[in-house]
Every structure is written in C-alpha cells, then in structure tokens.
Amino acid sequence: MPAREWRVFWSSPTSKAGVLLLASMTIVSLYVLITYPQDFGLRIWNNPGYWADYPKEAPPSWVNLFTADKLPEHMVILTDSPAYTYSDGQYYKVYRLDFQYEYSDTPSFLSITLGPAIFYGRPPYLEITVERPDGLTVPLYFATAGTVLPEETPPYRRFDPSQRIFLSGEEQVARSLQLFLRMNNVDLSYNDVARLGPERIIFLELSGEGLGERVLKGRYIVNVVFIGDTHDDNLSWAKFVVGGKVYGLSGTDRIGRDLAAGLLFGFPVALLIGLVTSVLTTSIGSSLGIMSGYIGGRVDEIIQRVSDILNNIPLLPLLIFFTFIFKPSIWLIVMILVVFGWSGLTIVVRSIVLQVKSEQYVEAAVSLGAPRWRIMSRHVFPRIAPFILAQMILSTPSAILAEASLSFLGLGDPSLPSWGQMLDYSFRSGGVNIGLWWWIIPPGVLIVVTGLTFILLSLGLEPVVSPRLRRMR
Amino acid sequence: MSLVRVLALKAVTLILVLFGVLMLVVLVLGATGVSDRILTAYVGEQLRAVRQELSQRIRDPVELERALETYRSELITAYGLDRPWYTRLPQMILRVLILDLGSSRTVTSFSGSSKVSDIILERLPNTVALVTTAVAISSAVGIALGARAALKAGSRYDRAVSLFSSVSFALPSWWMGLIYILAFSFYLGIFPFGGLYSTPPPTTPLERAADILWHATLPVLTLVTVILGGWAYISRTIVLNVTREDFVAVARAKGLKENLLMRRYIIRPAAPPIVTNIVFAISGSIGGAILTETVFNFPGMGRLYYEAITSFDENLVIALTYLYTLIYIASRFILEILYVVLDPRVRI
C-alpha cells in the first residue's frame, strides 16, 4: 500500500482498533502454534482420559474475587522424594504430601496417582492415610501392588506408566471412612458415607453429635506408605489431587477440559479458516471478474451465467448437507465456501472493469499493442486492487461464522477444536439450561470480536477505496 | 420487449439453479454410496419386522428363510437396489420436480404421518411466521434507525448505529439465542427455554395464542437482533446516497421545508431498493433460521432439516433442499418483478 493511502487508512480510529486487534490475535495464534502439540485436538482436547483429574463444570478462579466465601482452588501435590525407614525386615518409604486448606467449601473430588513401581520379592504393601488439622488420622486405602504371576522374573514392574485411584468413587475408601467415623462416635450407613464421599468427610469438622457443616481449615498431610521386602523396592512418585470448585482463567466444561486452552486454540483455527477462504474466494472471484469484464464476448457470457446461477443458491442448507455427507473436515468446509462464494464478487468486479476499460490509459496501452493479459494485470488490476483488498477483508468474517455455525450443528472437524465446537457441546449437554455462563459467553464473544476485527479493517479501508467518500469528510 | 426478455432470462437461470441444486444433491447421495447404504439399511429393517411376523405362521426354518429371501429380493427390486444408483436418478428427480415427495423413513409429523408433504406442511407455517415477524419488526426499526443516521451522517448517533451494525454483522444468531436463553430463561425465568407450546397446551384459543406468543418471543428477538444491524446499515447507505444527489441539493436550495424534502425527495427514490431488500431478507432468513430453530427447539423447517440430516432421512433431505431452493428462487423472481414495478427507470 503506497504511503499516501496508508496515511488515509491509518488516520481513522476504526483502522487503528482493527490493526491492534488483528495484531494481538496473530500473536496469540503464533503462541499457540509454537507451544501446542500438533495433535492437540485428538490426543488432548477430545480425549476424556486426559482431563480426568480436572474439576468438572468449575467456574473460573476469579469468581472468588467477588464472593466472601472462597471456593476451593484446584490443587495438585506431587512428590518423588520419600522418607526412608527400616524396621522388622521391612523397608518403609513414606511419601508426604501436605497442603494448606483455607476455603469455605469442600473439594469437588479427591484422587491419587502413583508412578511406576518396581520390586524384587513379594508385592509391596500400600497404605494411604490423611492427617487432619485437628490431629485425627483418616485411613483411606490399603492394597498390595498387584500379584506376581508364576512365569514372571524379578524385577517386577507395576503401575506403568501410572495408576490412578479415584478416591471419591472407591468402595474400599468408603468402607474405611465408615469405620473412621464409627471410631469417632458418628454412625452413618455405607450409602450415606459413599454419597458424602471422602472430599466431604475428610474436610468437614467432626463433633460428638456427628459430621459438622463447617470446613476444617488448616494443614492436611496425605501419607502414602510403600512397604517393600528389599531395599531396592521403589515407587517413583505420588500425586494427590484436591479437585477444585473453581479452575483457571475460564473454568472447565462437563468433562473437565480447561476452557482457556480451547479458547486459545480457537484463534489460529478461526484465522486459518477465515483467511484461506477469503484469499481463495477473492482471487478466483476477482480474476474471473476481470476476465469477464475485459475480454467480453462468449467468455463474459459463460462466466456471468455461471455466477448468476451460483449467486442464487441457498448456501447454508447445502453447506450443512455436504459437510454431513462427507467426513467433516476443515478443508471441505473451506472448499465449499470457496466454490459457492466467488460469484458475488465476480459480478461487481466485472462492472467496475467495464468502466476502467474505457479509460484513456487503458486505451493507450491497447494502441501500443500491449497483450491482453499484460493490460489486465498491469493496468486494470492495480486500479481495482484496493477494492478487492477491502472485499477480501470483508468476506473473512462470513467464513469464520460459517465454520462456527457448522460446528455448532455438530459438523465440526474434531481434529481442530474451535469455538463453535465448544458451544455445540455446551448446548447439547444442557450447559445453557443450568446456567454455565463461563462455558457459553467467552467462545461467542471471541467469535464476534474476531469477525468485528475484519469489519473494522474494511471500514477503515473504505475512504482509501472510494475517494469520493474522502472528499465528503 | 427487452423487459420480457430480461425476465425470461432470469426465469431460465432460476430454473437452472433449481434443477442444478436438485441434481447436485441426488448425485452426491448416489455417488458417495450414501443412498445405497440408506436403502440397504431400510431393507434390513423391514426384513426384521417381517421375520417376526412370518415366524408366527411358518414353523419350518428352511421354508421361513426361503420366504424371507423372496421378500428381500422383492424389496431390493422395488427400491432399485439391484441396479446401479444412477439409473434410479432420473426417476427420483422427476418425482421431486412434480412435488411428489414420497414418505420419510424415521421422522414423522406431529400427528404421526410419515408423508413428507404432511411433515413439511405442518412445519412450514411456523418457519414462515417466525421469519416474517422478525423481518417485519427489524425492517421497520432498522429503516428508521438507518434513515435517521443518514440524515445526521457523522454524528455520534450515526457512529453508534454504524458500530451496532458492524457488531451484528459478526454476531452468530445461534449464540445470541443461547445468550437470551441464559439471560431470560435461566436467570430471569420469564421466557421458556424452547419449543412452541407448553405441555399440556392450554385449551382456550386465546390462551393458546398467548402461549405461542410467549414461546416465540425469544426466537423472534434473536432473529431481530441479528438482522437489525444489516437493515440499519443498508438503509443508511441508500438514504445517504440519495441525499447527495443534485436534485436534493436543488430542492433544498429552493427553500423547501425539510419535512417535504424528506418525504418527496429522499424517501421516495430510496424506497425501491429498500422494498426489494425486504423480499431478499425474508428469502435469506428462511435458510438462516435453521440455526435459530435448532437453538430454541422450534418446530419449523430448519429444525426439521437438521433432524432429517442427522437421521439420514434421504427423501426428507432431498425434499427440503429442493423446497429451500424453490422458496429462495421464487423470492428472487418476485424481486426482479418488483424492480420493474417500483423503479420506473427500468421500464424505459
């Protein structure tokens, strides 16, 4: 863009806002492209196992800023350095996982994950207990690290790569909790204990009458004791997860996905779809338009008839139809948008070219004997280039919206999670009906802001494209 | 004479569009083997039903299998599965063209009929009512906003309207619907989450009408929010262009009252493109309502289209795509005629 045009463009606040927004979106996209793994969509985002240790449907952490009662943050405590002791021919390795708990509500779940274990003799014994701030010790879980099969030879390996114990859903945990309560003169049925779960029983105050309502605040210590026959029996690490009731910058969804990760990933996806579609659509549309207008005759007739037909096709029903029949993929969506989307621009460009064609400098070039393609590319195209650029920018949001809409109907590309797909899942799983606002508002706002960025840019380009408007100011 | 030629050319183009879309849909269903798969599944389903029935009467298993095999080959011939898919094609297109839409496979009408024409006729009025109401409201409000903005071009009001139109251009209707549900249904609890009737529906006609209005408010509001901006923008541009014409300057120089100037010199020449836009908006929104109807579980054509596609209901998909195209091109043709009627310049 020559300097004078750039000055005109840059002089309006809308262009500045547009450029600023586009720049920040590009930076975010680059960040995502560099830091996210290639197979983020399939291996991480759409893999429920990856999100098992995340809280489900948790609002963002910053909601705590607006309430007096603080909801628990998500906590992950990990250690790989146990304390060693030896007694009675047994080697004890104690993994001490301690944390401060100062929230007004109990956690949403508890789980523990153990790293690979190695042993040489009898299977080691595992013992998991919790020391409460009030001095009581809660027994949670006891097990041996598997059994040894006759054909196996030492060293035996177990928990490879890791073993997750979901304490909140474990029958054995409920049994030992019932026992713990009974020893403290609280009699509850097994079903009641299982319903309350360790996340409440461990974290609520205990009095003579029963389980209290208030959360017991202070330092909790989880002890994972690994008891082996030989000195070399070893557990690599232990991880304790205190499920929060708030999570991260944008909360989590039904299966615990960190929405902030998905929202960030949506940037490059939206930009990719928008830009690829608009560049292809505009280049096809404008080159056919120039040819149609400049060459005329039968070429003109054919191009105009085809674009007239395409221009009269209801796009959305066909878009839904095609994506449904073929496997939903981002490239298919882009292809359909391009195939059915170039015709409108062709018709407009043709009418502009018809005017440009009769201007003197074009006639001069013709009389000098310049070939047709040269006149089209060197004389006609530069003249209408700003208009084409503005059209290209203006057509970007519609491509982004089209992809979002298809994704919302469940026709998104699962390997590339997008904002539309997040909204699809929140709508279909009833997130709207139970008011999970952090799952519904941000993706939509990002779609609108992305679209608006390109509209602002094209508004800023308007005075460059039509100098008549500039004079009116 | 040339006018007739122009209209005739347009009509031919539009019929080509209709035929082309239909052809495309049937070709894609056939060439990808989807059509065969659907029909085979359907034959299997019918066979299972018949097996149940026959096994009551025919005890001998060998004879039962033979009877079923005969029935199966009959079905295959009847559906044309023994022939390549493209031989079924002309027949199918011909049937749809004369609006013999056949019967659906899984989706039924609310009264239980599986005739495609019954299903569509039941839903079409809902969609048409939804879309026309929304277009009527948004065009009335949008034209007023846009015309005012044009007359005060450059003012703060004008910039606010422009900003609003830009935002609404980037606003997905379905997300707006979700936000309205969140705000008005979940938090405020003043409108229902979706559907068109309460269960059970009220009995008296008056209550019934009120019930439908209550259910339709949010879908209409959603559509209005999304298309209002476009209306304001288009009307602003059209009116602004007219106010810059020389004859407006002359009229103003003559000292005509602003009121008269507005009525006779600005609104009148600006009217034809605005009116044609209304037709255009209705035809465009009928396709666009697919998403809004899905969000609000609104029993219209768009929701039906989505149901038909997700349940692989071939006949219904073809019929609806055809109908969407038909509505679209019919309104395009009306548009062409309106141009001629409203703008005297075209007639010369």
Side-chain angles (χ1 to χ4, degrees), chain A residues 14 304-305 308-326 394 397-398 400-402 404-406 408-411 419-420 423-424 426-427 430-437 440-441 443-445 447-456 458-459 468-469 472-473, chain B residues 9-10 13-14 16-18 20-21 24-25 28-29 32 34 153-154 159 162-163 165-179 181-182 185-187 193-194 240 244 283-284 286-291 294-295 302 305-306 309-310 312 317 320-321 323-325 327-329 332:
Chain A
T14 44
Q304 287 311 302
R305 286 286 75 79
D308 207 14
I309 289 177
L310 284 179
N311 218 19
N312 281 296
I313 286 179
L315 186 57
L316 187 65
L318 280 186
L319 203 53
I320 296 175
F321 175 76
F322 282 120
T323 353
F324 184 72
I325 294 296
F326 300 105
L394 193 63
S398 25
I400 295 174
L401 276 192
S405 305
L406 284 176
F408 178 68
L409 291 175
L411 299 171
W419 298 322
L423 286 165
D424 166 44
S426 75
F427 174 65
V432 183
N433 299 356
I434 53 174
L436 306 181
W437 53 268
I440 296 155
I441 296 174
V445 168
I447 294 174
V448 176
V449 169
T450 312
L452 193 61
T453 304
F454 291 98
I455 295 168
L456 289 177
S458 89
L459 281 180
R468 185 169 158 225
L469 275 174
M472 300 302 288
R473 293 256 159 104
Chain B
L9 192 66
K10 195 73 195 178
T13 310
L14 292 176
L16 271 178
V17 169
L18 188 65
V21 168
L24 199 63
V25 169
V28 165
L29 278 175
T32 51
V34 171
R159 266 177 293 162
S162 296
L163 181 69
S165 343
S166 312
V167 173
S168 88
F169 189 68
L171 199 62
S173 58
W174 42 274
W175 182 68
M176 204 62 237
L178 293 182
I179 295 297
I181 293 180
L182 198 64
S185 307
F186 179 76
Y187 284 111
F193 282 89
L240 198 63
R244 282 174 186 163
S283 67
I286 284 186
I290 293 177
L291 293 154
T294 305
V295 170
Y305 189 64
Y306 182 63
I309 277 188
T310 44
F312 273 109
V317 170
L320 281 170
T321 315
L323 218 64
Y324 269 123
T325 320
I327 295 174
Y328 199 71
I329 63 166
R332 287 280 171 127

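In this structure a side-chain-to-backbone donor-acceptor pair under 3.5 Å is present from B/Tyr305 to A/Pro317.
Between chain A and the residues B/Val295, B/Leu163, B/Leu24, B/Leu16, the most heavy-atom pairs under 4.5 angstrom are made by B/Val295. Interface remark: of the candidates A/Val449, A/Val448, A/Leu456, A/Val448 forms the most heavy-atom pairs closer than 4.5 Å to chain B. Most heavy-atom pairs under 4.5 Å with chain A: of the set B/Ile181, B/Val167, B/Ile329, this distinction falls to B/Val167. Contact count versus chain B (heavy atoms, under 4.5 Å) is highest, among A/Ser398, A/Gly451, A/Ala404, A/Pro397, for A/Ala404. When each of A/Leu459, A/Ile447, A/Ile434, A/Thr450 is checked for heavy-atom pairs under 4.5 Å with chain B, A/Ile434 comes out on top.
Contacts between A/Phe322 and chain B at a heavy-atom distance below 4.5 Å involve the side chain alone, from C-beta outward. Using a 4.5 Å cut-off between heavy atoms, B/Leu178 contacts chain A through both its backbone and its side chain. The part of A/Ile455 that comes within reach of chain B is its side chain, from C-beta onward, which places non-hydrogen atoms under 4.5 angstrom from that chain.
A distance of 7.5 Å separates CG in A/Leu436 from CZ in B/Phe186, rounded to the nearest 0.5 Å. Note that CG of A/Leu409 is 5.5 Å distant from OH of B/Tyr306, once rounded to the nearest 0.5 Å. The CG atom of B/Leu14 sits 7.5 Å away from atom CG of A/Asp308, with the distance rounded to the nearest 0.5 Å. A/Leu318 contributes atom CG, which lies 6.5 Å from atom OG1 of B/Thr321 (distance to the nearest 0.5 angstrom). Atom CD1 in A/Ile441 sits 7.0 Å away from atom CH2 in B/Trp175 (nearest 0.5 Å). Between atom CG of residue B/Leu18 and atom CD1 of residue A/Ile309 there is a gap of 11.5 Å, rounded to the nearest 0.5 Å.
Between A/Phe326 and B/Val28 there is a side-chain heavy-atom pair separated by less than 4.5 Å. Proximity of B/Thr325 to A/Ile313: side-chain heavy atoms (C-beta onward) are nowhere separated by under 4.5 Å. For the pair B/Trp174/A/Phe427, no side-chain contact is recorded, criterion being any heavy-atom separation below 4.5 Å from C-beta on. Residues B/Phe169 and A/Leu452 are not in side-chain contact: their nearest non-hydrogen atoms beyond the backbone lie 4.5 Å or more apart. Within the 4.5 Å cutoff, the side chain of B/Val25 has heavy atoms near those of the A/Phe321 side chain.
Scanning both residues, A/Val432 and B/Phe193, for their nearest heavy atoms gives O-CE2, 4.5 Å.
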